[in-house]
Amino acid sequence: MKTIKGLTGMIVILIGLMSFIINDQVRDPWEIPDKYKNMENPFATEMDDLAEDGADIYEKHCTSCHGDTGEGDGSKADKLDTFPGDFTSDEFKEYNDGELYFMSIIGRDEMPNYEKKLPSEEDRWAVIAYIKTF
């Protein structure tokens, strides 16, 4: 009987600790400037074609945090103070292209700015095209 109580107690403690870890990785909502909310995607008609190129760029720059399938489970994700986001979520799918551009290229906090790493506008939009496929 003591063993069952001990195990139950340990499970309760583990659940409590996990809730702190999960809550610690909740991110504040993005404050996206109007410039990006209203941004026109110059490659909107080419997004399907760009997604293939975006896959290579994503693999090089994004998988370590965002994971192979965009669920925020990359090898570095657990080391971050904030959850890197889930590109498969309904919340993510509500963002327009300009908002995704701001979050993916301009960044904030632990999400680095990629303007210098991806100087080509076409490459930037290719990454956005790819993450929209998740």
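All values reported here derive from a predicted model rather than from experimental measurement. All residue numbers refer to positions in the sequence shown, counting from 1.
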Side-chain heavy atoms of Lys79 within contact of Glu110, under 4.5 Å: no

Show me, pair by pair, the donor-acceptor contacts under 3.5 angstrom made by side chains of residues 90-97, not counting sequence neighbours?
from, atom 1, to, atom 2, distance (Å)
Lys93, NZ, Phe134, O, 2.4
Asn96, OD1, Gly98, N, 2.9
Asn96, OD1, Glu99, N, 2.8
Asn96, ND2, Lys37, O, 3.0
Asp97, OD1, Lys132, NZ, 2.6
Asp97, OD2, Asn41, ND2, 2.8

Nearest heavy atoms of Ala77 and Pro84, plus distance in Å: CB-CG, 4.0 Å

CZ on Arg124 to OH on Tyr101, rounded to 0.5 Å: 4.0 Å

Straight-line distance of Glu115 CD to Ile106 CD1, nearest 0.5 Å: 3.5 Å

Those residues that, when tested against Thr69, pass side chain to side chain donor-acceptor pair (under 3.5 Å) (two or more places apart): Glu71

Distance, nearest 0.5 Å, that separates CG of Asp73 from CG of Asp86: 8.5 Å

Contact summary for Arg108 and Glu31, nearest pair of heavy atoms: NH1-N, 4.3 Å

Residues 42-64 side chain polar contacts: donor-acceptor under 3.5 Å, at least two apart:
from, atom 1, to, atom 2, distance (Å)
Tyr58, OH, Gly67, O, 2.6
Thr63, OG1, Glu59, O, 3.0

Value rounded to 0.5 Å, distance of CH2 in Trp125 from OG in Ser120: 12.5 Å

Pairwise distance CH2(Trp30) to CG(Asp109) - rounded to 0.5 angstrom: 7.5 Å

Heavy-atom closest contact (Tyr114 atom, Ser104 atom, distance): CD1-O, 3.7 Å

